[in-house]
Amino acid sequence: MKIATWNVNSAKARLALITDWLRAASPDVVLLQEIKCETAAFPREAFEELGYHVAVVGQKAYNGVALLSKTPAEEVMTRLPGEEEDEQARYVEATVQGLRIASLYLPNGNPAPGDKYAYKLRWMDRLYAHARGMLEREVPFVLGGDYNVIPEARDVFSPAAFARDALFLPQTRARFRALLNLGLTEAYRALHDDDHAYTFWDYQAGSWPRDLGLRIDHFLLSPQAADRLIDCTIDRRPRGAEKASDHTPVVLELRDR
DNA sequence: ATGGTGGGTCGCCCA
């Protein structure tokens, strides 16, 4: 089972790039973030034509996540529990072939400190509580998406430049570590020890040609999902395309049961 | 110290 995650920075602006990549990579499940459109405006037909079932949570202009699957997605959940007032479209989770899979778009949190950073930390606390609940029930799961978290210094081109950034602040990384310490496996880092394994490059200042990136798109696996881990790879190709997203896809491969 | 780029949407917000 091949699961891809990709922050596309607008589903509409990126539609041809996404569908071309899907035809070539052919993942069984695709987790999209920042679709930047309302649920009804999501170009679902383009994905259905490629054989995907489509679950979408959108909103006007900002955020928005989708989960595409070659087999039907069951028991679709459209929000992260724990804050009823939260209207932002950042989470969709469903069961695909017995595995609970989520597409998440964790808040950026800048500027920190401030309301946005407080929201980011609350969101991480909610994700922690939700993951812990699934672990207690022994639900096998995969949480994939744009975490807006730089886990370690080797995951950013300049740790000094990001010292006060919401993606790299100690409180942010502590919450990410707390997730791992529940017993989750961060798939890329469990298998690869390299630096420069970036998944995001800013549009500005020639970040892409200079390889000044961040590793902020991740897969976290429950123990049962980690038992099935074959590989996790970053496909840099789409970042070099014309009209690219600022993120590139990360691909997780799990053994079939 | 500032502005650099890009998307959504239509004056700015967000990243």
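Keep in mind that this is a model prediction, so the values were computed, not measured. Labels below follow one simple rule: chain letters A, B, ... track the order of the sequence lines, proteins then strands, and each chain is numbered from 1.
- We find that NZ of A:Lys243 is positioned 9 Å from P of B:dG6, with the value rounded to whole Å.
- By the salt bridge (Lys or Arg N to Asp or Glu O under 4.0 Å) test, A:Glu253 pairs with no residue at all, sequence neighbours left out.
- Among the heavy atoms of the strands, none lies under 4.0 Å from A:Arg210.
- In this structure, CH2 of A:Trp201 is placed 20 Å from P of B:dA15, rounded to the nearest angstrom.
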Nucleotides 2-5 of chain B: which of its N/O atoms have a protein N/O under 3.5 Å away?
{"from": "B:dG4", "atom 1": "N9", "to": "A:Gln204", "atom 2": "OE1", "distance (Å)": "3.1"}
{"from": "B:dG4", "atom 1": "N3", "to": "A:Gln204", "atom 2": "OE1", "distance (Å)": "3.0"}

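- Nearer the 5' end of DNA chain B, as judged by each residue's closest nucleotide, is the contact made by A:Ala61, out of A:Asn148 and A:Ala61.
- Rounded to whole Å, atom C1' of B:dC10 lies 10 Å from atom NZ of A:Lys60.
- Across A:Thr233, A:Asp194, A:Asp217, A:Asp231, a single residue satisfies side chain to side chain donor-acceptor pair (under 3.5 Å) together with A:Tyr188, and that is A:Asp194.
- Annotation: salt bridge (Lys or Arg N to Asp or Glu O under 4.0 Å) contacts of A:Arg100 (sequence neighbours excluded): A:Glu93.
- For A:Tyr117 and A:Thr172, the side-chain atoms include at least one donor-acceptor pair closer than 3.5 Å.
- Of the two residues contacting DNA chain B, namely A:Ala13 and A:Arg90, the nearest-nucleotide position lying further toward the 5' end is that of A:Ala13.
- Atoms CG (A:Leu15) and P (B:dG8) sit 12 Å apart, rounded to a whole Å.
- Between A:Asn9 and A:Lys36, the side chains place a donor N or O and an acceptor N or O closer than 3.5 Å (distance only, hydrogens not considered).
- The CZ atom of A:Arg239 sits 9 Å away from the P atom of B:dG6 (whole-angstrom rounding).
- Of all nucleotides listed (B:dG7, B:dG8, B:dC14), B:dG7 comes nearest to the side chain of A:Arg14.
- Side-chain atoms of A:Val65 and A:Leu104, non-hydrogen and from C-beta on, never get closer than 4.5 Å to each other.
- By the 4.5 Å heavy-atom criterion applied to side chains, A:Cys232 and A:Val250 are counted as neighbours.
- To the nearest angstrom, P of B:dA15 lies 10 Å from CD of A:Gln59.
- Between B:dA1 and B:dC14, the two P atoms lie 25 Å apart (nearest whole Å).
- For the OP1/OP2 pair of B:dC14 and a distance below 4.0 Å, the side-chain nitrogens and oxygens of A:Lys36 include no atom meeting the criterion.
- Taking only side-chain atoms of A:Tyr105, from C-beta outward, the nucleotide of B:dA15, B:dG8, B:dG7 with the closest atom is B:dA15.
- Straight-line distance from the CG atom of A:Asn108 to the C1' atom of B:dG7: 15 Å, rounded to whole Å.
- In this structure, A:Gln33 atom CD and B:dA15 atom P are separated by 14 Å, rounded to whole Å.
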